[in-house]
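Values reported hereafter were calculated over all heavy atoms of this structure, with side chains retained and with hydrogens, waters and symmetry mates removed. Only a predicted model underlies this, so the values are computations on that prediction, with no experimental measurement involved.
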Amino acid sequence: MTPDEPFGGAPIGAQSPLSESDARLWSVLAHVGMIVTTFIAPLIIWAVFKDRHPVVRQNAAAATNFGFLIAFGYVVGTVLLIILIGGLIMAAAQIVAIVFGVIAALRAYNGEVYPYPFNVRWLS
């Protein structure tokens with residue numbers, strides 16, 4: 001046993017690939033996390049699991065990118081609260097996040113990658 005292999009296992013820092021059921025779970029959690037935390041939860045999932053399964057990487061990247069757009073909608077809505085239209089913008093952003101997030105989570109549960117409409121690709 002070497003110092004790089006604690007307890008006789010894999011070297012420190014090496015990660016095993018995810019099983020299909022775990023990949024589906026983390027993909028679903030990325031989309032559900034986008035509904036709750038905009039881009040924060042899917043970004044963390046992308047950073048942790050991007051090298052362990054390609055479907056998780058794709059789903060988390062799509063959820064992160066869409067979360068950035070939703071967060072931008074919240075910022076614009078907050079700024080426009082002064083002229084009373086901001087509340088409508090923020091409500092619309094939340095409804096869009098819920099609807100498309102649930103659709104994406106259901107697709108991710110089936111092992112698919114959902115292409116969010118009007119999404120940009122900052123993260124891949």
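Residue pairs meeting the salt bridge (charged side-chain N to carboxylate O under 4.0 Å, His left out) criterion with at least one member in residues 17-39: none, sequence neighbours excluded. Under the salt bridge (charged side-chain N to carboxylate O under 4.0 Å, His left out) criterion, no residue pair touches residues 53-69, with sequence neighbours excluded. For residues 43-65, the pairs satisfying ring pair (Phe, Tyr, Trp, His ring centres under 6.0 Å) are Trp26-Phe49, with sequence neighbours left out.
Side-chain N or O atoms of Arg52 include one that pairs as donor or acceptor with a backbone N or O of Ser16 at under 3.5 Å. Looking at Asn119, its side chain does come within 3.5 Å of a backbone N or O of Ala62 through a donor-acceptor pair.
Ile44 and Val28 fall into different hydrophobic clusters, where Ile, Leu, Val, Met, Phe, Trp and Tyr are joined by side-chain heavy atoms under 4.5 Å apart, directly or via other members. There is no path of hydrophobic side-chain contacts, each under 4.5 Å, that joins Val113 to Phe118. In the hydrophobic clustering of this structure, Ile95 does not group with Ile85; members are Ile, Leu, Val, Met, Phe, Trp, Tyr whose side-chain heavy atoms approach within less than 4.5 Å, directly or through other members.
Val36 forms part of no hydrophobic cluster, judged by ILVMFWY side-chain heavy-atom separations under 4.5 Å. In the hydrophobic clustering, where aliphatic and aromatic side chains (Ile, Leu, Val, Met, Phe, Trp, Tyr) are joined below 4.5 Å either directly or transitively, Leu84 stands alone.
Applying the side-chain contact (heavy atoms from CB on, under 4.5 Å) rule to Thr78 yields the partners Met90; only residues at least two apart in sequence or on another chain are considered. Under the side-chain contact (heavy atoms from CB on, under 4.5 Å) criterion, Leu25 pairs with Leu29, not counting sequence neighbours. The side-chain contact (heavy atoms from CB on, under 4.5 Å) test applied to Ala30 returns Pro42, Ile45, Ala60, Ala63, not counting sequence neighbours. Listed by chain and residue number, nothing satisfies the side chain to side chain donor-acceptor pair (under 3.5 Å) test with Glu112 (two or more places apart in sequence, or in another chain). Not counting sequence neighbours, the partners of Ser21 by the side-chain contact (heavy atoms from CB on, under 4.5 Å) test are Ser19.
Remark: Leu123 CG to Gln58 CD distance equals 12.0 Å, nearest 0.5 Å. Summarising the geometry, atom CE belonging to Met34 is positioned 13.0 Å from atom CZ belonging to Phe39; distances are rounded to the nearest 0.5 Å.
Note: Tyr116 and Tyr114 meet the aromatic proximity criterion, with ring centroids under 6.0 Å apart.
In Ile40, the CD1 atom is crowded: over 12 heavy atoms of neighbouring residues, nucleotides or ligands sit closer than 6.0 Å.
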Output a table of donor-acceptor pairs, distance under 3.5 Å, between side-chain atoms of residues 68-77 and any protein atom two or more places apart or on a different chain; print 'none' if there are none.
{"from": "Tyr74", "atom 1": "OH", "to": "Gln94", "atom 2": "OE1", "distance (Å)": "2.2"}

Determine all donor-acceptor pairs shorter than 3.5 Å in which one atom belongs to a side chain in residues 97-111; sequence neighbours excluded.
{"from": "Asn110", "atom 1": "ND2", "to": "Leu106", "atom 2": "O", "distance (Å)": "3.4"}

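Annotation for Asn65 and Trp122: closest pair OD1-N, 3.3 Å, computed over non-hydrogen atoms.
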